[in-house]
Undergrad: 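Quick one: the structure is below, questions incoming.
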Amino acid sequence: MAAVDVMCVSDVSQVWNNNRDTIEDRLSFFICNEFLSDMTFLVGAEKRRVPGHKFILSTCSWEFYNALHLLQVDNNELPIQDVTYEIFLFFLRYCYTGKVDLTPESAISVMKLAQRFNMQHLMKICEESIEKMISSKTCLLLYSQCSYLSSESGLRRKILDTIAENFFCLIQDRTLMKIFVELPLKSIREIASLDHLQCDEMELFDALMRWAGHTCQKYQVASIPRNLRQILCDVFYKIRFPDMKVEWFLEVQAKYPELFTFSEISDICLKMRGDVKTCPKFTSPPRRFDSKIIRSSMNLSNFSTGKIIPCFRETIEMRDDATMELAICFQPQLSAQNVYQPGKHLLGFAVIVRKGQEVSPSACSLENRNVQGGLFAVPPSTLRNTRLGQRYRLNWDYDIAFIQFESKALINELRPYELRCKFHSGLPQPKTEASLQNTNTYVSLRRIKEDHIIPYLHFE
């Protein structure tokens, strides 16, 4: 071999005996080394040649032994074309030393190789690394990248559970929806079949229609109801139309005529009326919702914390497109028993946004007006960092999004307050076309005025 031709025995001996006291150190010398190599990997699309040693590799798994010895690979060359050279080096180092220092980005690709050669010990290491990455922001991407895992995989179940728990928030995020609409039909079917998917059927239907519409565009066919349904195939029956509210089902029929057959409409209506217990073809058991998840289909009074909050007088709202700011003035008021309860903490507020509109708040200020109309800051600080919280559907065109303070704001004065919020992007627009439904006041959420952009303040 070429490398051996230029390497004398004494040189090799010096390398072996130089600070290589452990088996791991000794075997690491052979990684990508042609000395004693008796096979070659062809890695990546460019088929980069990487020398290997059958004896060492065969100890990793039966599949490796089978590939290298029993199958008699052509010219002792084994193609590995679905990973990059850099990723393959992570895998090869583990094969030779039993250790690997994975990065979050490399774990998924290395696990694919570990599964190919049935190296269960390496798969476990990869799964532990990937599990640390699972979050509401990463679960869809991980799901798309781990599609090769079996349905019995514990990692796959954890990713699906995270998707189910955060599904409503996922489909409101424009970036994550770009991942969702690119998922294959098999993955869409698996998600739509989840009994613990945290969304109502109208929200799932809307997400699936967006997926079907995107698929129609890829195949360059018209996004008409007949084609949308054909694209969805049997996933259409995973939408639990019989569990929808009647007005939602009528809304679907009005927006997507000819989506249902007459017999399907009849069957769904009979189930809605309670005349029958099941609906042919359609999945019938209602999904299991977590009562902690705020959804538009539930009356907000169901989420009472048992605490009384102060009432508010008429409010004044301001909106500045030039500075990307919203402001609202409000004033605590005596309760019905004429007793004001001071010391309430304001946790944030809610804004009305159009469907699909991205909202990016930067920071807020909460100030207290004195009698002369001047302003002074509410301690400890005027500036309050914010983050976007839960978002849920009001109707077909509008959502309500919660903006939460990173620190609580104490409200303990009977003077007017001014709440001002600056946005990086997505300044909410006035809502004039649709009324707020199923959003009654609950104890920790105070309704201000229905036609305001900021209709609620959120108290502890």
Undergrad: Around atom CD of Glu86, are there more than 12 heavy atoms of other residues, nucleotides or ligands at under 6.0 Å?
TA: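 More than 12 heavy atoms, drawn from other residues, nucleotides or ligands, come within 6.0 Å of this atom.
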Undergrad: Using a 4.5 Å cut-off on heavy atoms from C-beta on, say whether the side chain of Phe64 contacts that of Met119.
TA: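 When only atoms from C-beta onward are counted, Phe64 and Met119 do touch, with a gap below 4.5 Å.
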Undergrad: List the residues meeting ring-ring contact (aromatic ring centres under 6.0 Å, His included) with Tyr237, not counting sequence neighbours, and say none if there are none.
TA: Phe282
Undergrad: Would you check if Ile231 and Trp211 make a side-chain contact, meaning some heavy-atom pair closer than 4.5 Å?
TA: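 When only atoms from C-beta onward are counted, Trp211 and Ile231 do touch, with a gap below 4.5 Å.
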Undergrad: Look up atom NZ in Lys124 and atom OG in Ser129, then write down how far apart they are to the nearest 0.5 Å.
TA: 14.5 Å
Undergrad: Stepwise, does the side chain to side chain contact (heavy atoms under 4.5 Å, CB included) test hold for Phe241 with Phe260?
TA: CA-CA 11 Å; Phe241 292 106; Phe260 301 89; 3.6 Å; yes
Undergrad: Taking CZ in Phe55 as the centre, count heavy atoms belonging to other residues, nucleotides or ligands within less than 6.0 Å. Is the count above 12?
TA: no
Undergrad: Verify the distance criterion only: is there a donor paired with an acceptor across the side chains of Asn33 and His53 at less than 3.5 Å?
TA: no
Undergrad: Considering only heavy atoms from C-beta outward, does the side chain of Ile125 approach that of Val110 to under 4.5 Å?
TA: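 A side-chain contact under 4.5 Å is absent here.
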Undergrad: Using side-chain hydrogen bond (donor to acceptor under 3.5 Å, both in side chains) as the criterion, list what pairs up with Arg189, not counting sequence neighbours.
TA: Asp234
Undergrad: Do Met244 and Met202 pass the side chain to side chain contact (heavy atoms under 4.5 Å, CB included) test, and can you show the C-alpha distance, the side-chain angles, and the key distance before you say yes or no?
TA: CA-CA 7 Å; Met244 277 188 177; Met202 193 64 164; 3.9 Å; yes
Undergrad: Would you say Leu122 and Phe91 make side-chain contact, with heavy atoms under 4.5 Å?
TA: yes
Undergrad: Quick check: closest heavy atoms across Phe167 and Cys199, and the distance to 0.1 Å?
TA: CD2-SG, 3.6 Å
Undergrad: Check whether any side-chain heavy atom of Leu113 lies under 4.5 Å from a side-chain heavy atom of Tyr94, and answer yes or no.
TA: no
Undergrad: Looking at Arg240 and Leu194, what are the two nearest heavy atoms and their distance?
TA: NH2-O, 4.2 Å
Undergrad: Determine yes or no for a side-chain-to-main-chain donor-acceptor pair under 3.5 angstrom, with Ser109 supplying the side chain and Ser106 the backbone.
TA: no
Undergrad: Are side-chain heavy atoms of Asn118 and Trp62 found at a separation under 4.5 Å?
TA: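 They are not in side-chain contact.
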Undergrad: Considering residues at least two apart in sequence or located in another chain, which fulfil the salt bridge (charged side-chain N to carboxylate O under 4.0 Å, His left out) criterion with Lys47?
TA: none
Undergrad: Verify side chain to side chain contact (heavy atoms under 4.5 Å, CB included) between Ile171 and Arg210, making sure each step is shown before the conclusion.
TA: CA-CA 10 Å; Ile171 60 179; Arg210 282 187 275 173; 4.0 Å; yes
Undergrad: I need the Arg157 CZ to Leu155 CG distance, nearest 0.5 Å.
TA: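 If I round to the nearest 0.5 Å, the distance is 10.0 Å.
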Undergrad: Would you please name every residue forming a side-chain hydrogen bond (donor to acceptor under 3.5 Å, both in side chains) with Gln145, sequence neighbours left out?
TA: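 Gln145 satisfies side-chain hydrogen bond (donor to acceptor under 3.5 Å, both in side chains) with no residue once adjacent residues are dropped.
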Undergrad: Roughly how far apart are Ile159 CD1 and Glu131 CD, rounded to 0.5 Å?
TA: 8.5 Å
Undergrad: Mind checking the CG-CG spacing from Leu142 to Leu160? Nearest 0.5 Å is all I need.
TA: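 The CG atom of Leu160 is 11.5 Å from CG of Leu142, to the nearest 0.5 Å.
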Undergrad: Go through the structure and list residues passing ring-ring contact (aromatic ring centres under 6.0 Å, His included) with Phe41, not counting sequence neighbours.
TA: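 Here the qualifying residues are Phe88.
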Undergrad: With side chain to side chain contact (heavy atoms under 4.5 Å, CB included) as the criterion, how do Glu165 and Cys139 come out once you've worked through the C-alpha distance, each side chain's angles and the decisive distance to 0.1 Å?
TA: CA-CA 11 Å; Glu165 181 181 349; Cys139 56; over 6 Å; no
Undergrad: Using every non-hydrogen atom in the two residues, find where Leu228 and Gly213 come nearest and quote the distance to one decimal.
TA: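 Distance-wise, the nearest heavy atoms are CD2-N, 3.5 Å.
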Undergrad: Working note: Lys245 + Asp200, criterion salt bridge (charged side-chain N to carboxylate O under 4.0 Å, His left out); need CA distance, chi angles, decisive distance, verdict.
TA: CA-CA 10 Å; Lys245 292 185 177 181; Asp200 59 46; over 6 Å; no
Undergrad: Are Ser187 and Tyr143 side-chain neighbours, meaning at least one heavy-atom pair lies under 4.5 Å?
TA: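 With C-beta onward as the side chain, the pair touches.
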Undergrad: What are the two closest heavy atoms between Ser136 and Leu176, and how far apart are they?
TA: O-CD1, 3.8 Å
Undergrad: Please find the pair of heavy atoms, one from Ala207 and one from Met177, that lie closest to each other, and give the distance.
TA: O-CE, 4.4 Å
Undergrad: Is it true that, when you exclude Lys218 itself, more than 12 heavy atoms of the residues, nucleotides or ligands shown sit nearer than 6.0 Å to its NZ?
TA: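 Counting neighbours around NZ of Lys218, more than 12 heavy atoms of other residues, nucleotides or ligands fall under 6.0 Å, so yes.
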Undergrad: How close do Tyr96 and Gly52 get, heavy atom to heavy atom, and via which atoms?
TA: OH-CA, 3.5 Å
Undergrad: Is any side-chain heavy atom of Leu208 closer than 4.5 Å to one of Phe236?
TA: no
Undergrad: Can you sort out the partners of Lys132 under salt bridge (charged side-chain N to carboxylate O under 4.0 Å, His left out), two or more places apart, ordered by chain and number?
TA: none
Undergrad: Once rounded to the nearest 0.5 Å, what's the spacing between atom CE of Met123 and atom CZ of Phe117?
TA: 13.5 Å
Undergrad: Is Asp173 salt-bridged to Lys137, cutoff N-O under 4.0 Å?
TA: yes
Undergrad: Report the distance from atom CZ of Arg229 to atom CE of Met209, rounding to the nearest 0.5 Å.
TA: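 Going from the CZ atom of Arg229 to the CE atom of Met209 covers 9.5 Å.
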